[in-house]
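A note on names: the letters A, B, ... follow the listed sequences, proteins ahead of strands, and every chain is numbered from 1.
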2 protein chains.
Amino acid sequence: MSTPRFESIRDIPLFADMAQESFDALTRGSYVQNFPPNMVMISEGETPDFLHIVQSGCVELFSTWSNRETSVTTLYENSTFILAATIKDQLILTSARTLQKSRIIMIPSENVRSVFKTDPEFAMAIVEELSRCYRATIKNMKNLKLRTSLERLANYLLKQHRRQGDVLEYQLPIEKRRLASYLGMTPENLSRAFNNLKPYGVAVDGQTITITDMATLVAFAKPDILID
Amino acid sequence: MSTPRFESIRDIPLFADMAQESFDALTRGSYVQNFPPNMVMISEGETPDFLHIVQSGCVELFSTWSNRETSVTTLYENSTFILAATIKDQLILTSARTLQKSRIIMIPSENVRSVFKTDPEFAMAIVEELSRCYRATIKNMKNLKLRTSLERLANYLLKQHRRQGDVLEYQLPIEKRRLASYLGMTPENLSRAFNNLKPYGVAVDGQTITITDMATLVAFAKPDILID
DNA sequence: TGCTGATCTTGACTTTTATCAATCAGGAAG
DNA sequence: CTTCCTGATTGATAAAAGTCAAGATCAGCA
């Protein structure tokens with residue numbers, strides 16, 4: 001009964017602890033879809049028919065209002081999205097587009113809600129995942145409200161540094177204009193912000209970031225475990 | 001076994017559907033505490049020993065970083081806080097202070113985690129609550145990133161109008177300086193923003209708001225079910 | 001190789017927002 | 001009814017961020 005197509009996600013935290021029969025029930029009627037880059041898969045305001053999981057590639061959640069657009073977050077392999085809307089069966093709050101060619105697993109929302117009721121391990125995992133996303137969003141909001149755009153950029157660069165294995169030189173994972181949107185600023189200002197960080201130990205060449213003076217950058221950014 | 005002190009919260013969604021014995025197990029070792037106004041009950045970075053519920057009064061969640069402070073949200077009767085941190089047993093992300101004299105129910109985090117495992121109705125209710133808070137925070141972030149401060153104020157005034165029963169004249173529920181902080185602006189700018197909304201049909205006298213031209217205000221604010 | 005379109009950068013300028021300082025208003029206590 | 005304190009408002013100024021326009025750079029592709 002277990003479909004090999006879905007085994008790749010069996011080990012991610014949301015599904016790792018659930019009984020095999022629950023996993024089978026969950027993936028019944030699920031499917032995998034390939035999307036080209038820059039394709040809008042979901043538009044905000046829609047009804048959540050499927051829980052989505054990024055199997056490979058990269059997805060941006062974004063939102064628009066009154067001719068303005070902002071990047072909410074970027075998701076990579078094994079990330080889920082549309083979970084809260086699926087659970088509550090309410091309107092989706094953010095649109096989703098691929099940034100690269102991506103494979104997306106889609107699980108019928110009805111399956112999620114029914115297996116949630118019968119498998120306590122899955123219920124627990126959902127609570128963990130929701131709590132994690134909720135806390136990440138609170139941190140994001142604190143970042144936006146408590147820091148200037150220059151401070152946000154400095155902390156972003158430090159976080160990427162950690163994520164990419166503490167190397168001092170690394171590539172930005174997303175386009176600068178999307179980074180600007182994520183950080184709540186314009187592309188023009190992001191460009192200037194990179195220049196303004198030069199005295200604090202940041203060198204930029206295209207997509208390549210080099211941290212030339214970690215101590216100074218950290219002193220300026222003041223990273224905080226309750227935000228970053 | 002049921003303690004009458006806690007019956008006041010029995011009907012709120014988080015506890016309404018759970019078995020009585022679960023509720024008793026949950027409230028065992030819980031207690032009610034009275035706080036004077038303007039008292040910090042919880043400081044961010046602490047460990048979540050208790051799930052908190054506002055029985056009466058009013059609580060502000062706020063956060064500080066580098067000598068700056070921002071209001072995250074204001075909670076009234078029957079609201080819970082510290083839920084996500086309790087579930088994950090991780091550091092609390094926002095501080096909490098009373099704005100008025102308040103009665104707070106405190107449930108040991110250990111009880112929440114253990115009853116969560118044994119009572120599926122409670123587990124379901126927690127998921128509902130977490131999803132609700134998560135979605136509210138996403139909306140909050142969209143509000144901050146997609147709108148100017150004037151637009152945020154206009155939409156806030158419309159939302160209060162609805163909350164207070166669609167009356168055209170009502171009292172602001174919180175101090176203006178806290179409203180300013182919640183909306184991501186300074187008190188000085190909030191004052192100016194109120195003046196700037198005058199042509200759009202808003203009159204202010206102290207704490208009293210009067211919407212003098214609803215159509216114009218709505219046209220300016222462009223309220224959106226995916227944000228407000 | 002060179003064309004093409006998108007992204008990125010830079011400069012000039014405008015708008016928005018914050019800061020600082022002074023004044024005003026309103027409630028609590030004597 | 002004063003006095004005092006806190007919060008609200010106003011004006012002047014500074015800083016931050018956005019807008020517009022012009023080039024520069026880069027990647028994809030014929």
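With distances taken from any side-chain atom of B:R192 to the nucleotides D:dA12, C:dA21, D:dT19, the minimum falls on D:dA12. Looking at the side chain of A:Q207, the nearest of the listed nucleotides D:dG11, C:dT9, C:dC8 is C:dC8. Looking at the side chain of A:R177, the nearest of the listed nucleotides C:dT9, C:dT7, D:dA8 is C:dT7.
For the pair A:T148 and D:dA16, the criterion of a side-chain N or O lying under 4.0 Å from OP1 or OP2 is not met. Considering only side-chain N and O atoms, A:T186 lies under 4.0 angstrom from the phosphate OP1 or OP2 of D:dG18. Between A:N195 and C:dT10 there is a side-chain N or O to OP1 or OP2 distance below 4.0 Å. Between B:N189 and C:dA18, a side-chain N or O to OP1/OP2 separation shorter than 4.0 Å is present. Between B:S149 and C:dT17, a side-chain N or O to OP1/OP2 separation shorter than 4.0 Å is present.
B:R147 has its CZ atom 19 Å from the C1' atom of C:dT17, to the nearest Å. Between the CD atom of B:E175 and the P atom of D:dT9 there is a distance of 12 Å, given to the nearest Å. Distance A:R178 CZ to C:dC8 C1': 14 Å, rounded to the nearest Å. Look at CE on A:M185: it is 16 Å from C1' on C:dT17, rounded to the nearest Å. Here C:dA18 presents its C1' atom at 17 Å from CD of B:E69, a figure rounded to the nearest Å. If you take NZ of A:K176 and C1' of D:dC26, they are 11 Å apart, rounded to a whole angstrom. For A:D205 and C:dC8, the CG to C1' distance is 13 Å, given to the nearest whole Å. Computed from coordinates, the B:F194 CZ to D:dA8 C1' distance equals 11 Å when rounded to whole Å.
When only modelled atom types and interatomic distance are considered, B:S56 and B:E77 share no side-chain donor-acceptor pair under 3.5 Å. A:E60 and A:T74 share no side-chain donor-acceptor pair at under 3.5 Å. Side-chain contact of A:S8 with A:Q55: a donor-acceptor pair under 3.5 Å is present, judged by distance alone.
Between B:E69 and B:R178 there is no salt bridge, since none of the side-chain N atoms of the basic residue sits less than 4.0 Å from a carboxylate O of the acidic one.
The residue among B:P187 and A:G206 whose nearest nucleotide of DNA chain D lies closer to the 5′ end is B:P187.
The base of C:dC8 has none of its N or O atoms less than 3.5 Å from a complementary donor or acceptor on the side chain of A:E188.
Contact record, A:A221 with B:W65: O-CZ2, 3.3 Å, taken as the closest heavy-atom pair.
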